[in-house]
Number of protein chains: 4
Amino acid sequence: MSSASNQKHTAILDAAYELFGSGGFYETKMSEVAEQAGIAKGTVYLYFKSKEDLFMAVTRRDCEGFLLQLQERLKASDTLASKLSIIAKHHLNYYYERKRHTKLFFRAPNNNPELVAYMTQFMEQYMQDVVKVLLEGGASEPELMAQSYIGMLDRLKMDILFDPSFTEEDAYKRADFAAGLFIRGAMIT
Amino acid sequence: MSSASNQKHTAILDAAYELFGSGGFYETKMSEVAEQAGIAKGTVYLYFKSKEDLFMAVTRRDCEGFLLQLQERLKASDTLASKLSIIAKHHLNYYYERKRHTKLFFRAPNNNPELVAYMTQFMEQYMQDVVKVLLEGGASEPELMAQSYIGMLDRLKMDILFDPSFTEEDAYKRADFAAGLFIRGAMIT
Amino acid sequence: MSSASNQKHTAILDAAYELFGSGGFYETKMSEVAEQAGIAKGTVYLYFKSKEDLFMAVTRRDCEGFLLQLQERLKASDTLASKLSIIAKHHLNYYYERKRHTKLFFRAPNNNPELVAYMTQFMEQYMQDVVKVLLEGGASEPELMAQSYIGMLDRLKMDILFDPSFTEEDAYKRADFAAGLFIRGAMIT
Amino acid sequence: MSSASNQKHTAILDAAYELFGSGGFYETKMSEVAEQAGIAKGTVYLYFKSKEDLFMAVTRRDCEGFLLQLQERLKASDTLASKLSIIAKHHLNYYYERKRHTKLFFRAPNNNPELVAYMTQFMEQYMQDVVKVLLEGGASEPELMAQSYIGMLDRLKMDILFDPSFTEEDAYKRADFAAGLFIRGAMIT
DNA sequence: AATGAATGAGTTTTCATTCAT
DNA sequence: CATGAATGAAAACTCATTCAT
């Protein structure tokens, strides 16, 4: 049971990730999710109690993966510079891999307090992970620093999402640029 | 026509800005916009051909105001550092003033190519304005620099939007922090 | 407006009366009501906010007619006996005229407190009308008397509803029987 | 089979009686019946072929009990007056005991010919039982008499069902009132 | 006999948009 | 230009019933 059950649970999440990600929350129909998952409409409701609930689950799985992977990768390095580089690469690489599922980030169900709360908490967690790195480097105002760094990365990811010709290579270059800029500043005048 | 017509046009835009901004695109009904504007439902369609069209117009007006105001403010200063400071202050102040209308930025109609195109072009224009400032300072890779700066600011704005106790004062402090970080870097290690 | 509006309002009530009455609440679809009324589905909702609301309105109109007509008819008579006869004839005649719409009484939406409240109040009003008549005749325990009389009539109506060969003539005979029985008793042993 | 099977059969009927009675046919879910009966959903269908079938069975069991008990009680008395009293007490007491399960009588599945047929037959049987008593007293028009008496009782039961403060004592008083009224009439004017 | 996961038909309601006045 | 009554497409969700185990 638990295995079969899990299989279907996962199939639904995968289908929903695909459709929410490429089409957006409002544009995706539950019947499409069911079809994509290869099951009946009613079955989706055996695993998720509503469309919003399903969206939350998709988001949660994705965000948790993001944080887990980040922590995993950070372990592998030691210097501050390399850690900042890893953060940047992870951030950009993450979006690079999700080029085709951008709607997940931009087109969430509106006015869902639970989702807002989760995203807030996710952002906080992400920021704290960066803060920890910065503190080892003795940064002052580490929270603003962390926010700024994440912000830089977040904007740099945009081209990835919108420019189809963007390569993974390009993503890594951008990551290094961001790390450098953050550490040394623009060094102008 | 022109004056009375313009008055109504503006009233609709104001109403739509208010409602889209505080409730989101999908949650706002055309009938509510009409009511808020003090006119009949059908009349809205004399000025805007669809709900999406209206949203576009609201967005466009807001973004144009953003860019115009920025250019205006930049004229008043001369050094690179002060210009960067002005950009940051303008960015954060802009969102500070729109605390109550955040949905405009997060809850747009999905899958509207025209809107995506416009936002892309707006971002490009904003970036070019920053690029121009950076070029005067002799920056290399000015586009990436500009994106990064804008990204920093964009993330720092988040607290403004989510933290109700944020003051205008706080916004300005953040702006200076951002400008400083951008110019000198984190200066760690 | 008011006239046209009223026309449509009435058309919907008539259609709903017909369909709820012959098919029952749960079996009647709003789309059928609209079709029968010769309008579009959405239009029904301009006049009644929900299916239950519509059912309430149909019921209310019918019950009010019942009470008004009764009071009208009672005015035309003076002796107690004739008044009791009128009540009986009115009761049975009322159901005779609604032979084809019995579901209205048996198949209401379940668990609708508003409807239950209204029916309770209607029954109370009906009973009070009968009580008033009985009091003029100096009856003791007039409420129980009234309830009993109404009960007799209500049961006698059953054949009307279920026996298709029942004639209006038969209904009047039954009415006289009931009045006689009520006044003089079964007179057995 | 017989014992275990019967046990389950009975458990389902009990559960269904409870739920249909307190919630109504349409509001009760087969899954709830199964849960209340302590078995699996599919098992219900081994004993009853459909929800309507189950409702029929619940109704049938209840009505049969009603008639059996009535006949039992009638045996214990001999005079006409005492028999009429017993009928009244039985009728009112029956509903008194079912105060919490009134939906069974008011909220049946619509448009089920089998159920309508059964209820008709039940009413006929009940009436015939009363007719038999009346005939012994030499009544004329015994069927109309019987219907009327049952009708009186049926209406008097209403307060029992709706007035929570009603006591068993009150029920018996009402029974005597009804018997008296039926035999002697209202004795007014 | 018993289970409970899976099915999918079926209906209310909303709301952007139209168009006769 | 302005109105607002009328339209009807569109989708989430429920739940009786089935059937493989």
Side-chain angles (χ1 to χ4, degrees), chain A residues 1-2 4-5 7-9 26-35 37-54, chain B residues 1 4-5 8-9 25-35 37-55 109, chain C residues 1 4-5 7-9 26-35 37-54, chain D residues 1 4-5 8-9 25-35 37-54 109:
Chain A
M1 177 182 76
S2 73
S5 168
Q7 241 171 256
K8 216 150 270 190
H9 188 94
Y26 287 100
E27 285 69 15
T28 298
K29 296 170 215 152
M30 288 298 261
S31 59
E32 291 170 346
V33 173
E35 195 183 16
I39 58 173
K41 210 179 346 162
T43 307
V44 177
Y45 287 90
L46 294 180
Y47 292 87
F48 301 92
K49 75 172 192 293
S50 70
K51 194 183 176 184
E52 296 211 343
D53 189 42
L54 176 56
Chain B
M1 175 180 81
S5 166
K8 222 154 259 189
H9 188 94
F25 178 79
Y26 287 100
E27 286 68 15
T28 298
K29 296 170 210 161
M30 289 297 264
S31 59
E32 292 172 347
V33 172
E35 194 185 15
I39 57 172
K41 215 185 327 174
T43 308
V44 177
Y45 286 87
L46 296 178
Y47 294 87
F48 302 93
K49 76 172 195 290
S50 70
K51 193 183 179 184
E52 297 209 342
D53 188 43
L54 176 56
F55 189 89
Chain C
M1 174 182 77
S5 167
Q7 243 170 255
K8 217 151 267 190
H9 187 93
Y26 286 101
E27 285 69 14
T28 299
K29 296 171 217 154
M30 289 299 261
S31 59
E32 291 171 347
V33 172
E35 193 184 15
I39 57 173
K41 218 180 335 168
T43 308
V44 177
Y45 287 88
L46 295 180
Y47 293 87
F48 301 93
K49 74 173 195 291
S50 70
K51 192 182 177 184
E52 295 211 342
D53 189 42
L54 177 56
Chain D
M1 174 181 81
S5 165
K8 222 153 259 191
H9 188 95
F25 178 79
Y26 286 101
E27 285 69 14
T28 298
K29 295 172 213 160
M30 289 298 263
S31 59
E32 291 172 346
V33 172
E35 192 185 16
I39 58 174
K41 213 183 334 173
T43 309
V44 177
Y45 286 86
L46 296 178
Y47 293 87
F48 301 93
K49 77 172 193 292
S50 71
K51 192 183 179 184
E52 296 210 342
D53 189 42
L54 175 56

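Below, all heavy atoms of this structure are taken into account, side chains as well, without hydrogens, waters or symmetry copies. Below, read A as the first sequence line, B as the second, and so on, with proteins coming before strands; counting in each chain starts at 1.
- Comparing atom distances between the A40(C) side chain and each of dG8(F), dA2(E), dT3(E) picks out dG8(F) as nearest.
- Distance CD/E32(D) to CD/E27(D): 10.0 Å, rounded to 0.5 Å.
- Counting to the nearest Å, the P atom of dA16(E) and the CZ atom of F48(B) are 16 Å from each other.
- A straight line from NZ of K8(A) to P of dG4(E) spans 16 Å, rounded to a whole angstrom.
- Contacts of Y45(B) classified as ring-ring contact (aromatic ring centres under 6.0 Å, His included), with partners at least two apart in sequence or in another chain: none.
- Residues forming a salt bridge (charged side-chain N to carboxylate O under 4.0 Å, His left out) with E35(C) (at least two apart in sequence, or on another chain): none.
- Closest approach of F48(C) to D53(C), counting heavy atoms only: CA-OD2, 3.6 Å.
- Every residue meeting the side-chain contact (heavy atoms from CB on, under 4.5 Å) condition with K51(A), not counting sequence neighbours, appears here in chain and number order: F20(A), F25(A), M30(A).
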Exercise for the section: Determine which bases of DNA chain F form Watson-Crick or G-U wobble pairs with both distances under 3.5 Å, and write the result as a 5' to 3' dot-bracket string with | for other-strand partners. Expected result: .||||||||||||||||||||

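- Proximity of K29(A) to V33(A): side-chain heavy atoms (C-beta onward) are nowhere separated by under 4.5 Å.
- Atom NE2 of H9(C) and atom P of dA6(F) are 13 Å apart (whole Å).
- Taking atom CD on E35(A) and atom P on dA9(E), their separation rounds to 13 Å, with Å as the unit.
- In this structure, Y47(B) places its OH atom 20 Å from P of dA16(E), rounding to the nearest Å.
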Exercise for the section: Determine, for nucleotides 12-21 of chain F in 5'-to-3' order, which nucleotides have protein heavy atoms under 4.0 Å from the base (write B), from only the sugar-phosphate (write S), or from neither (write -). Expected result: SBBSSBB---

